[in-house]
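All of these numbers come straight from a predicted model, not from anything done at the bench. Order of the sequence lines sets the chain letters (A, B, ...), proteins ahead of strands, with each chain counted from 1.
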Amino acid sequence: MKTLLMVDGSSYLYRAFHALPDLRNRLNEPTGAIYGVLNMLRRLHKQYHADYSACVFDAKGKTFRDAIYPEYKAHRPAMPEDLASQIPLLHACIHAMGWPLLMEDGVEADDVIGTLARRATDSQVQCVISTGDKDIAQLVSPDIQLINTMSNELLDEAGVIHKFGVTPSQIIDFLALVGDSADNIPGVEKVGPKTAAKWLKKYGNLEKLIAHAHEITGQVGENLRRSLDWLETAKTLLTIKCDVPLVLDWQDLVAQSPDTSQLAALYERLEFKSWLRELTQGQSTKAPAQNALQVKYASADSASNDCSSNYETILTESQLNDWLMRCERAELVSLDTETTSLDQMQAQLVGLSFCVEAGHAAYLPLAHTCPGVPQQLDSKWVLARMQPWLENPSKFKIGQNLKYDKHVLANYGITLRGVAHDTLLQSYVLESHLSHDLDSLAKRHLNYTTISYEELTGKGAKQIGFAQVAIDQATKYAAEDADITLRLHQSLFPQLDKTAHLADIYQTIELPLIDILFQIERNGVLLDVDQLHAYGKEVLRQLEILEQQAHATAGQAFNLNSTQQIQEILFGQLKLPVTKKTPKGAPSTDESVLQQLALDYPLPRILLEYRMLAKLKSTYIDKLPRMVNQNTGRVHTHYAQAVAVTGRLASNDPNLQNIPIKTPAGRRIREAFIAPEGWYIISADYSQIELRIMAHISQDKGLLKAFTEGRDVHRVTAAEIFGMPVEQISQEQRRYAKVINFGLIYGMSEFGLAAQLGIDRAAARNFIERYFIRYPGVADYMQRTREMAKQNGYVETVLGRRLQLSDIRSPQHNRRMGAERAAINAPMQGTAADIIKLAMIAVHNWLAQTEAQSKLIMQVHDELVLEVPENESATVMQQLPVLMENVIKLDVPLVVQTGQGRNWERAH
DNA sequence: TCCGAATGCAA
DNA sequence: TATTGCATTCGGA
């Protein structure tokens, strides 16, 4: 049987343009989209030896769809000039490569493809359609398959059912219900893929669904009934025409042999060097592996998404020996572990993967239990064999989040050393505002779609463990991860290295921090479970009393945890005044609202008390004891090193960075964080670090002076804005000044200040004006920062860490203002984050050098917490401030306050 | 079982 | 209509 290969060129054109970096030749002509599309055609050509082929593009001009629906694709902006300018050369290349190129005026590419696919089926020709567009799934049949060449996803009939939950013949109905945002075709409101598939499964098709529309209950049902007329039109728009009159012969679809000299001239102009070399040297079609480090010019080769690969499964002793030798010899080895659990303290190894050179990776299964599993090497023996290499600090390793792998190996008594790089942190330092998971990185930087974990294991309740995954599947996935990580390093590291400050932050802050965070997490913190348990009982009694009081006061029973029910009672039945709404428009019942209402009514006061205790109980009192590790008897948090865009750490499972402190009830919880017998908790925190950083960055004379002279800065500020001597400032006036000082750090508006202080806007504006008159350097800094952000698209910390602000030029006022506030805050929050990270490194190194037993156990943004044996406490108390205050030299002094006690509360 | 909304804890 | 996070409960699908 003959085959026809069709490529939906238009669907790839935009994707290539946006997915690839802005490649240009020496003439500064953009070339990225050309490269992307050609690269795909080359891959397809290698992959399929089709008898007929065609590359199809949309032509200019209106189509019948525009006629029946003027908004069709109307939301799409005009094609960017940088893309439009690439099209003539792209077409020239395709032509020179010998591909039949089709463009029909007034007909969309989809309809050309549909028509040819129909003809192919009629002529008993098999059809493969390469597209990134899901609409075309409607064409799939036993003789017609889709392939998404960017993601390597193949869709046959079963594939469509698996992906969309409906058959190819139901795809049009499915899309009509869901809508297609790419073409600006709305669906039924609130109906997503799940609902649409469910309905179509039940009723068969849209017609029958419409006939039973009255049976659908709820809001969705109403939405459906409202959309009935539209659905017909949507169907027409979404249906690919398979009967377009095309004057074409099968002969027109036979590929010609490439015009080599023409092609060489084009590649020369476009500077596609490796392809050019291939032509001139008459090499095989396989492109040589590229070393991104050497690609200095705007050569398109560095964007190669041709991740050709050779993955091996290690099942024999000799294979292992072979790979170990390669690891020993390689300059840098990419390493990844597959495990039984996301909890790094519990995780057991299922397998290990390595990559020594892009494209050459291996998977070493150790504990797969899938049916029909082959004999695997004995894991104890393997680990003993590998331990010397893993622990050798001069054998360099790279990975994606190696802190996790270090924990996993530590569970087997192995200390991973020689961590030279981590792609998670490279991406984080380079582009903290984007996602850093391996799948996203591969897509973004290599234009490559990895096999997702869920593809192998499923998701939700039916998800299986990695050990149940078949070994060949696991090899593809795990070896690919190691391979991709190495390739990412080759792309990311040179980018980092271009900006000295970013390279420094990566090398001297983030990389060294891996081991320190690992150690802190491993150390854990001791919890007085009995105390929490007793306190929980006490709180439970209070909650029961409060609940009864609330029900009695309201005159009915209701769920005190339900904001909706509280809304109904306060504003629906009791008719209390609504002062604030939630973002969705419902009357808010948050703390500030209840506090206001509590002045005049009894119920809000009860609710406030209830909420505070309920929160403490569920989030901390009950939860923390359950998080105690059974083996160590301690709580081990996880620090996320690449989550917060400003450079801060984040803590989770459990979050130890939001343990209560403000209320007496909250402090009872801090009392449960204890030191073992014979040890102390010592806490050291930076005093007003962000305000000090603001003084340093803004160089405001008044602020610098206040800090340099060691004054109470809130009191000084109050004196300035109230125009009174410092000695006469009241507590209330100081509180105002403090709110203003903090507000400034967050880029607060007069509205926000008014809300915060409970004063009117005019008064708030007055305070801000007086502040800026007294501290003109600060006003100036705010303005400079906004401008810097707008100009560069990013802001920087004192050490040069960057935060990109993609919304800073947004036409949407809200987004732009949000970005401006973030621009003002990020340098201060981020510099503080840099400083405490330096402090962690300094403290850790000092403890190691002096061979102290004391250990870091927590970091809370501006505070370090240590567990210290009695005999070391005096030294630590004396040395901590010295170390922390001198990690950086600012134009104001840094001040560190320390405390020690049997528990965290007492250490404050 | 999953997800968004509302809420609230920290620095 | 104040920055950065994480985690809880509810309630709808």
Closest heavy-atom pair and its distance - A/L880, A/A684: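 Shortest heavy-atom contact: CD1-CB, 3.7 Å.
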Under 4.0 Å, heavy atoms only, any strand: does [X] hit a base, just the sugar-phosphate, or nothing?
{"X": "A/D653", "result": "sugar-phosphate"}
{"X": "A/G747", "result": "nothing"}
{"X": "A/N814", "result": "nothing"}
{"X": "A/Q565", "result": "sugar-phosphate"}

Protein-nucleotide distance ([X], atom [atom1]; [N], atom [atom2]), rounded to Å:
{"X": "A/K459", "N": "B/dC2", "atom1": "NZ", "atom2": "C1'", "value": "10 Å"}
{"X": "A/K617", "N": "C/dT9", "atom1": "NZ", "atom2": "P", "value": "10 Å"}
{"X": "A/N652", "N": "C/dT4", "atom1": "CG", "atom2": "P", "value": "18 Å"}
{"X": "A/F558", "N": "C/dT9", "atom1": "CZ", "atom2": "C1'", "value": "15 Å"}
{"X": "A/L803", "N": "C/dT3", "atom1": "CG", "atom2": "P", "value": "13 Å"}
{"X": "A/L757", "N": "C/dA2", "atom1": "CG", "atom2": "P", "value": "14 Å"}
{"X": "A/M694", "N": "C/dT3", "atom1": "CE", "atom2": "C1'", "value": "14 Å"}
{"X": "A/W199", "N": "C/dA13", "atom1": "CH2", "atom2": "P", "value": "11 Å"}

Residue-phosphate contact under 4.0 Å: A/K623 side-chain N/O, C/dT8 OP1/OP2: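 So the side-chain polar atoms of A/K623 do come within 4.0 Å of the phosphate oxygens OP1 or OP2 of C/dT8, strictly under.
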Within 6.0 angstrom of A/H551 NE2, more than 12 heavy atoms from elsewhere: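 More than 12 heavy atoms, drawn from other residues, nucleotides or ligands, come within 6.0 Å of this atom.
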Residues A/E905 and A/R670 bridged, charged N to O under 4.0 Å: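 No, no charged N to carboxylate O under 4.0 Å.
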Same-atom distance (P) from B/dG4 to C/dA2, integer angstrom: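 To the nearest whole Å, 23 Å.
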Distance, nearest 0.5 Å, that separates CD1 of A/I464 from OG1 of A/T457: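 Between atom CD1 of A/I464 and atom OG1 of A/T457 there are 6.5 Å.
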Less than 3.5 Å apart, any donor N or O on the side chain of [X] or [Y] sitting next to an acceptor on the other?
{"X": "A/R735", "Y": "A/H714", "answer": "no"}
{"X": "A/Q859", "Y": "A/Q657", "answer": "yes"}
{"X": "A/S683", "Y": "A/R906", "answer": "no"}

Nucleotide nearest A/S618 when distance is taken to its side chain, options C/dT8, C/dT1, C/dA2: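 Comparing C/dT8, C/dT1, C/dA2 against the side chain of A/S618, the answer is C/dT8.
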Heavy-atom protein contacts under 4.0 Å, nucleotides 5-11 of chain B, coded B base, S sugar-phosphate only, - none: SSSBBSB
